[in-house]
Amino acid sequence: MLYPLSYEGWASIRAGLDDAPTLAANRYAWRLIAAIWEGLVIQETLRAALADAGVAEGLDVPAEIGLERPANPDHGDWSSNLAMVCSKQVDGPPRDLAARLVERLGAASIGHVRGVEIAGPGFINFRLDDGWLHDVLVSVHEAGVDGYGRSAVGAGRSINVEYVSANPTGPLHAGHGRGAIYGDAVASLLEATGWDVTRETYINDRGTQMQTYADSLTARAAGEEPPEGGYMGQYIADWAAEMPADADALEWGYARALQDQREVLDALGITFDVWFSERSLVGDGAIEDALERLRAREMVYEADGAVWLRSTEFGDDKDRVLVRSNGEFTYLTPDIAYHAQKFSRSDELINVWGADHHGYIARMKAAMAALGQNPDALDVRVTQMVKLMRDGEEVKLSKRTGDIVELRDVVDEVGADATRFTYLLQSVDSQQTFDLAHAASKQMDNPVFGTQYAHARLRRIADVRAAEVGVTRGPIEDADLSLLTQARELEILRVLFDGPGMVELAAAERAPHRLVQWVRDLASAVNSWYQDDECRVISEGNSAALTQARLQLVEAARIGLAAGLGILGVGAPESMWMDEAE
RNA sequence: GCCUCCGUAGCUCAGCGGAAGAGCACCUGGCUUCGAACCAGGUGGUCGCAGGUUCGAAUCCUGCCGGGGGCUCCA
């Protein structure tokens with residue numbers, strides 16, 4: 001590993017590992033070791049130093065010492081709130097405690113730290129030399145596109161991510177798209193952090209809506225209007241025209257709808273490990289088994305000729321019917337069996353549902369609790385609605401479905417990468433306005449374009465421009481990275497430092513938009529750097545060593561963009577010339 | 001009525017316990033130089049309102065106001 005660790009807290013590592021009074025320092029020593037192992041070490045070095053200072057000051061040091069990179073450069077490179085958090089433990093204002101801590105810190109020599117100061121209500125601000133950022137560059141190279149941002153925090157745990165789960169009675173619409181791409185990105189984030197992930201979708205291929213769908217197809221095939229309450233979209237007529245005269249309308253229509261859905265999902269790069277058929281639960285008696293388990297636990301009762309689940313005992317508003325008085329299951333019952341089955345395959349479950357299913361969460365969690373499962377191991381994520389716009393006007397109609405916009409139309413109009421990226425731009429907690437024209441735009445005001453463009457620019461420098469002047473990037477060990485001193489060069493490295501933490505955060509929060517935000521930040525840093533004459537990679541005024549150092553930076557930034565986009569399922573193009581893109 | 005999401009710059013939205021942000025729009029400036037499909041600078045905000053918790057609240061809690069969604073022996 002490439003970190004010349006000058007922090008003398010190493011002494012405390014050796015001395016303190018079995019020294020009970022310095023348990024806190026001990027904990028930080030181990031964290032420091034782990035950080036060195038993972039390559040990004042500066043944060044834990046500072047934490048270990050702060051922990052030592054705190055322990056020496058007699059403080060009960062918190063398990064997670066607050067340490068962040070302030071947005072305002074006046075506040076230094078790193079900033080800690082330790083003195084404020086611990087001020088209750090001692091007499092006097094936080095700034096005084098901070099002063100004592102800083103004094104103790106000064107005694108140690110901490111790698112890359114040039115100065116420590118107290119600011120505001122008691123922040124301890126560290127100023128570092130640029131070397132810590134050059135270390136970042138090396139670690140990015142070592143990780144590469146396939147390793148950068150990835151970690152093992154979820155290792156050893158399995159998780160099932162269920163998304164899309166649409167009725168096989170027609171095409172997917174734009175609302176499905178949000179859940180589909182969100183679920184897929186969450187699955188990728190969890191994979192990137194070491195989880196054993198199953199991507200799964202549930203097919204509601206049983207029940208009354210299938211018969212309604214079949215009746216609608218049959219009616220259209222006979223040249224009639226669909227029955228009352230039937231499916232009215234133009235696609236029904238189109239598909240009916242394709243349907244062979246002797247086909248079973250339900251089975252044929254089922255296959256047709258599934259094929260249609262699969263095509264769009266394929267176009268978006270979404271593939272499932274498991275397509276779970278609701279019917280299969282009937283075949284293997286899983287529904288009856290689940291009911292039996294609930295009965296055995298005395299979680300059901302009969303009333304008014306129906307079978308009820310005591311879901312109110314687990315926080316639901318009301319008890320829920322499992323078997324109607326006419327003897328049929330409600331929608332809930334097979335779904336309970338399905339979730340129980342998923343729990344037999346994975347440690348944890350994530351469901352991605354549309355906002356209209358929000359009210360369903362409490363009863364499903366209650367059902368899991370009634371079965372003896374931990375309801376907290378079922379994480380239901382709800383995606384708020386999407387409104388489609390084009391040039392400021394709402395788009396409501398689709399060619400085939402009549403009343404809703406098909407996902408296929410979105411992909412056809414803006415392309416798969418832009419569709420994915422645009423859906424992922426915002427938190428799924430907020431309603432989204434998806435402007436089709438904007439998402440397809442080939443200008444910097446479109447974040448998709450700006451990000452991919454940044455990657456293409458880097459490729460152009462590294463592959464084309466360097467070759468034109470007969471330069472190739474050598475081994476990073478031979479590069480003098482200390483030549484990278486320009487503000488915009490260092491800014492790229494700062495953003496690259498944040499990447500792995502952002503992936504971890506985005507995975508933990510199931511919030512891909514956090515990673516999107518980071519990728520945009522990196523692209524923005526790259527695009528600014530690119531236009532800066534002081535940062536030119538290929539230039540007559542540059543020494544060979546400077547060119548080499550900058551080529552290493554180009555590759556690191558490229559790795560960051562490609563890895564981030566890769567986890568999001570968005571392409572990192574080598575070129576974006578219009579004629580090549582079309 | 002109950003549950004839930006949202007309310008931050010003119011617009012679209014991040015930030016969700018630590019020292020108010022981005023893009024667009026608007027104003028100004030920059031192409032004989034790695035792609036100006038670009039870049040830089042500037043204007044612009046009592047973070048819906050009122051209490052509370054905290055050394056510290058856009059961020060947590062409570063109540064209200066405004067908007068979306070849901071409350072079915074539908075799926």
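Just so it is clear, the structure is predicted and the values come from calculations on it, not from any experiment. So that the names make sense, note that chain A is the first sequence line, chain B the second, and so on, each numbered from 1.
Nucleotides of RNA chain B nearest to A:G359 and A:T330 differ in position, and the one nearer the 5' end is that of A:G359. Remark on RNA chain B: of its neighbouring residues A:G120 and A:A306, the 5'-side contact belongs to A:G120, judged by nearest-heavy-atom nucleotide.
Remark: the separation of the C1' atoms in B:G7 and B:U59 is 14 Å, to the nearest Å. B:A22 and B:A57 are spaced 22 Å apart, taking the C1' atom of each and rounding to whole Å. On the C1' atoms, B:U43 is 7 Å away from B:C27, given to the nearest whole Å. Taking atom C1' in both B:C65 and B:G51, the straight-line distance is 15 Å, to the nearest Å. To the nearest whole angstrom, the two C1' atoms, one in B:G66 and one in B:A50, are 15 Å apart. For the P atoms, the distance linking B:C31 with B:A36 amounts to 13 Å, nearest Å. Rounded to the nearest Å, the gap between the P atom of B:A58 and that of B:G21 is 13 Å. Rounded to a whole angstrom, the distance from the P atom of B:U46 to that of B:A20 is 15 Å.
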Kindly determine whether A:D205 and A:Y254 satisfy side-chain hydrogen bond (donor to acceptor under 3.5 Å, both in side chains), including the steps that lead there. CA-CA 8 Å; A:D205 53 5; A:Y254 176 18; 2.6 Å; yes
From CA spacing to verdict: side-chain contact (heavy atoms from CB on, under 4.5 Å), A:R95, A:F123: CA-CA 8 Å; A:R95 281 191 70 110; A:F123 287 104; over 6 Å; no
Run the numbers on A:Q211 and A:D215 for side-chain hydrogen bond (donor to acceptor under 3.5 Å, both in side chains), then give the verdict. CA-CA 6 Å; A:Q211 192 57 52; A:D215 292 345; 3.0 Å; yes
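Side-chain polar atoms of A:S441 and A:N446 form no donor-acceptor pair below 3.5 angstrom. In summary, the side chains of A:Y235 and A:D260 do not present any donor paired with an acceptor at a separation below 3.5 Å, with no hydrogens or angles considered. A donor-acceptor contact closer than 3.5 angstrom is absent between the side chains of A:N527 and A:Q531. For the residue pair A:Q452 and A:D417, a side-chain donor N or O sits within less than 3.5 Å of a side-chain acceptor on the partner. Inspection of the A:E200 and A:Y338 side chains reveals an N or O donor paired with an N or O acceptor under 3.5 Å. Side-chain contact check for A:E162 and A:S165: at least one donor-acceptor pair (N or O, by modelled atom type) lies under 3.5 Å.
Note: CE (A:M502) to C1' (B:G15) measures 10 Å, nearest angstrom. What separates CH2 of A:W353 from C1' of B:C5 is a distance of 16 Å, to the nearest Å. Atom NE2 of A:H438 is separated from atom C1' of B:A22 by 13 Å (rounded to the nearest Å). Remark: P of B:A75 and CZ of A:R324 are 4 Å apart, rounded to the nearest angstrom. Following rounding to the nearest Å, A:N81 (CG) and B:C55 (P) show an atom-to-atom distance of 14 Å. Distance A:M444 CE to B:A25 P: 14 Å, rounded to the nearest Å. Counting to the nearest Å, the P atom of B:C74 and the NE2 atom of A:H357 are 14 Å from each other. In this structure, CG of A:D205 is placed 14 Å from P of B:A75, rounded to the nearest angstrom.
Between A:H358 and B:G69, no base-stacking contact is recorded for ring centres under 5.5 Å apart and planes less than 30° from parallel. In this structure, A:F123 forms no aromatic stack with the base of B:G18, since the conditions of centre separation below 5.5 Å and plane angle below 30° are not both met.
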Output one line per pair: protein atom, nucleotide atom from nucleotides 40-46 of chain B, and distance, for all N/O pairs under 3.5 Å.
from  : atom 1 : to     : atom 2 : distance (Å)
B:A40 : OP1    : A:S528 : OG     : 2.3

I'd like a list of close polar pairs between nucleotides 31-34 of chain B and the protein, N/O only, cut-off under 3.5 Å.
from  : atom 1 : to     : atom 2 : distance (Å)
B:U33 : O2'    : A:R536 : NH1    : 3.4
B:U33 : O2     : A:R536 : NE     : 3.4
B:U33 : O4     : A:D533 : OD2    : 3.4
B:C34 : O2     : A:I538 : N      : 3.2
B:C34 : N3     : A:V537 : N      : 3.4
B:C34 : N4     : A:Y530 : O      : 2.9

Write down the protein N/O and nucleotide N/O pairs, taken from nucleotides 9-14 of chain B, whose separation is under 3.5 Å; answer none if there are no such pairs.
from  : atom 1 : to     : atom 2 : distance (Å)
B:C13 : OP1    : A:Q431 : O      : 3.4
B:C13 : OP1    : A:T433 : OG1    : 3.3
B:A14 : OP1    : A:S427 : N      : 3.2
B:A14 : OP1    : A:S430 : OG     : 3.0
B:A14 : O3'    : A:H513 : NE2    : 3.4
B:A14 : O2'    : A:Q517 : OE1    : 3.2

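When all heavy atoms are compared, the tightest approach of A:M364 to A:I336 is CE-N, 4.1 Å. Among all heavy-atom pairs drawn from A:V164 and A:A180, the shortest one is CG2-CB, 3.5 Å.
Ring geometry, A:Y301 versus A:W308: the interplanar angle falls under 30°, so the pair is classed parallel (tilted spans 30 to 60°). Between A:Y360 and A:H357, the ring-plane angle classifies as perpendicular under the 30° and 60° cut-offs.
Nucleic acid contact for A:N167: sugar-phosphate only, since backbone atoms but no base atoms lie under 4.0 Å from a heavy atom of the residue. The residue A:A119 sits close to a base: some heavy atom pair falls under 4.0 Å. A:N125 comes within 4.0 angstrom of a nucleotide base, judged by non-hydrogen atoms across all strands. Residue-level contact check: A:D356 touches the backbone only, with heavy atoms under 4.0 Å from sugar-phosphate atoms and none from bases. Residue-level contact check: A:V85 touches the bases, meaning some heavy atom is under 4.0 Å from a base atom.
Proximity of A:R363 to the phosphate of B:G70: no side-chain N or O atom is located under 4.0 Å from OP1 or OP2.
Base pairing of B:G23: its partner is B:C11, meeting the Watson-Crick or G-U wobble criterion (both donor-acceptor distances under 3.5 Å). B:G45 is unpaired under the criterion used here, namely a Watson-Crick or G-U wobble arrangement in which both key atom distances are under 3.5 Å. B:G1 is paired with B:C71 under the Watson-Crick or G-U wobble criterion, all donor-acceptor distances under 3.5 Å. Using the Watson-Crick or G-U wobble rule with both distances under 3.5 Å, B:U62 pairs with B:A50. In this structure, B:A40 and B:U28 make a Watson-Crick or G-U wobble pair, each of the two defining distances being under 3.5 angstrom.
Within residues 379-387 of chain A, the residues that have a heavy atom under 4.0 Å from RNA chain B are, in order of number, A:Q384, A:M385.
For the pair A:Q548 (side chain) and A:G474 (backbone), a donor-acceptor distance under 3.5 Å is present.
Nearest nucleotide to the side chain of A:Q209, out of B:A19, B:G69, B:A75: B:A75.
In this structure, the side-chain contact (heavy atoms from CB on, under 4.5 Å) partners of A:V428, at least two apart in sequence or on a different chain, are A:R178, A:Y182, A:T383. With sequence neighbours excluded, the residues forming a salt bridge (charged side-chain N to carboxylate O under 4.0 Å, His left out) with A:R536 are A:D533, listed by chain and number.
With a 4.5 Å cut-off on side-chain heavy atoms, A:M389 and A:L436 do not count as touching.
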